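Worksheet: the structure to be examined is printed underneath.
Residue indices begin at 1 and follow the sequence shown. Quantities reported herein were computed from a predicted structural model and do not represent experimental measurements.
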Amino acid sequence: MSAIPTPRKRRKEARPSELLEAALHLFVEKGFAATRLEDVAARAGVSKGTLYLYFENKNALFKAVVQEGIIPVIAENEAIAAKHSGCSFELLELMLQNWWTKIGQTAFAGIPKLIVAEARNFPELASYYYDNVISRGRALVASALRRGMNSGEFRTMDVETTVDVVIAPILMLLIWRYSMSCCQSAESDPETYLRIHMDLLRQGLRKPEKESRV
């Protein structure tokens, strides 16, 4: 008679990733303030004491979620920009597509809404997110805009204000998805939304041809 196999123990090194996944979903579902560490541990299938082996408090847990899930996408876009040799608008499209694929279509899309909603109550976390995500993302868009202006592809614009105009519709799409979308009778198509946004940008950023003299 063959011996009954013993259940495999969960690998200890797998637990941080399980905790981060649980934390991400609870932060998005409940918000930062309402998420309790014991709930995170329970969803991950570990004790609260186990959670404290990896994260000293809820702030550290949130920062780890951003560090592991969002900041790498910023770094990827920085790498895309560094090696890009095509037109500047194509660069904007590539970075947007990468962001949407890795963030917009995942649970991480709920983090911007959380930050907007709770920034004033948790300024340390807001500052961390701004420095590591927003600031670096804005710098990427600004660099692409300046690149296009210098090459003659884009019209001359106030760069910092234009960055806001480029980013705002995308931010709104993410925030709407985790807030007012519940009031819509039919869910809007993000791909159509993004395509229209990029079409408008393409026309708005393009340097106008010189009018022929009469």
**Verdict with supporting geometry, F55 and L20, side chain to side chain contact (heavy atoms under 4.5 Å, CB included)** = CA-CA 10 Å; F55 309 103; L20 291 176; 3.7 Å; yes
Please test M95 against L91 for side chain to side chain contact (heavy atoms under 4.5 Å, CB included), starting from the C-alpha separation and ending with a verdict. CA-CA 6 Å; M95 292 192 295; L91 174 57; 4.0 Å; yes
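- In this structure, the side chain of S143 does not engage the main chain of A139 through any donor-acceptor pair within 3.5 Å.
- Taking each heavy atom of L145 and V159 in turn, the nearest pair found is CD1-O, 4.1 Å.
- Under 4.0 Å is where a charged nitrogen must lie from a carboxylate oxygen, and between R146 and E160 at least one such pair does.
- At least one donor-acceptor pair closer than 3.5 Å links the side chain of N132 to the backbone N or O of Y128.
- Looking at K58 and F27, their side chains come closer than 4.5 Å, going by heavy atoms from C-beta outward.
- Side-chain contact between L205 and L92 is present, with heavy atoms from C-beta onward closer than 4.5 Å.
- Note on I170 and I196: separate hydrophobic clusters, where clusters join Ile, Leu, Val, Met, Phe, Trp and Tyr whose side-chain heavy atoms are under 4.5 Å apart, directly or indirectly.
- Side-chain atoms of H197 come within 3.5 Å of backbone N or O of V166 as a donor-acceptor pair.
- Checking each of Y129, F62, F32 against F122 for a side-chain contact (heavy atoms from CB on, under 4.5 Å) leaves exactly one that passes, namely F32.
- In this structure, CZ on R195 lies 12.0 Å from CD on E93, to the nearest 0.5 angstrom.
- Taking both residues in full, the closest heavy atoms of A144 and S88 are given as O-CB, 3.7 Å, listed atom of the first, atom of the second, then distance.
- The two residues R206 and Q203 come nearest to each other via the heavy atoms NH1-OE1, 3.4 Å.
- Among all heavy-atom pairs drawn from A119 and A126, the shortest one is CB-CB, 3.7 Å.
- Residues W99 and I70 are in side-chain contact: their nearest non-hydrogen atoms beyond the backbone lie under 4.5 Å apart.
- One finds the CD1 atom of I74 at 6.5 Å from the CG atom of L140 (value rounded to the nearest 0.5 Å).
- Relative to the six-membered ring of F108, K102 misses at least one condition, a distance below 6.0 Å or an angle of at most 45° to the axis.
- Between R136 and I71 the shortest side-chain heavy-atom distance falls below 4.5 Å.
- Across I80 and L94, no two heavy atoms sit closer than the pair CG2-CB, 4.2 Å.
- M172 and V165 are assigned to two separate hydrophobic clusters, defined by single-linkage of ILVMFWY side chains at heavy-atom distances under 4.5 Å.
- Going from atom NZ of K63 over to atom CD of E124 covers 4.0 Å, rounded to the nearest 0.5 Å.
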Can you check side chain to side chain contact (heavy atoms under 4.5 Å, CB included) on F154 and R147, steps first, answer last?
CA-CA 9 Å; F154 295 161; R147 186 177 183 276; over 6 Å; no
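- A 4.5 Å side-chain heavy-atom check between K30 and R36 finds every atom pair outside the cut-off.
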- prompt: Run the side chain to side chain contact (heavy atoms under 4.5 Å, CB included) check on E21 and E68 step by step: do they pass?
  reply: CA-CA 10 Å; E21 183 178 1; E68 294 298 317; over 6 Å; no
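- Hydrophobic clustering of Ile, Leu, Val, Met, Phe, Trp and Tyr side chains at less than 4.5 Å, counting indirect connections, keeps M198 apart from L200.
- In this structure the side chain of K113 never reaches within 4.5 angstrom of the side chain of L174, judged on heavy atoms.
- R155 places a side-chain N or O within donor-acceptor distance of the main-chain N or O of G204, the cut-off being under 3.5 Å.
- Between the T101 side chain and the Q97 main chain, a donor and an acceptor come within less than 3.5 Å of each other.
- Counting heavy atoms from C-beta outward, W100 and L173 have side chains that approach closer than 4.5 Å.
- The neighbour count for K207 NZ, taken as heavy atoms of other residues, nucleotides or ligands under 6.0 Å away, does not exceed 12.
- Atom CZ of R138 is separated from atom CG of D164 by 4.5 Å, given to the nearest 0.5 angstrom.
- Nearest approach of A107 to V28, heavy atoms of both residues: O-CG2, 3.4 Å.
- Within the 4.5 Å cutoff, the side chain of I111 has heavy atoms near those of the L24 side chain.
- Residue E191 places its CD atom among more than 12 non-hydrogen atoms of other residues, nucleotides or ligands, all under 6.0 Å distant.
- D39 contributes atom CG, which lies 10.5 Å from atom CD of E29 (distance to the nearest 0.5 angstrom).
- Between L26 atom CG and T35 atom OG1 the span is 5.5 Å, to the nearest 0.5 Å.
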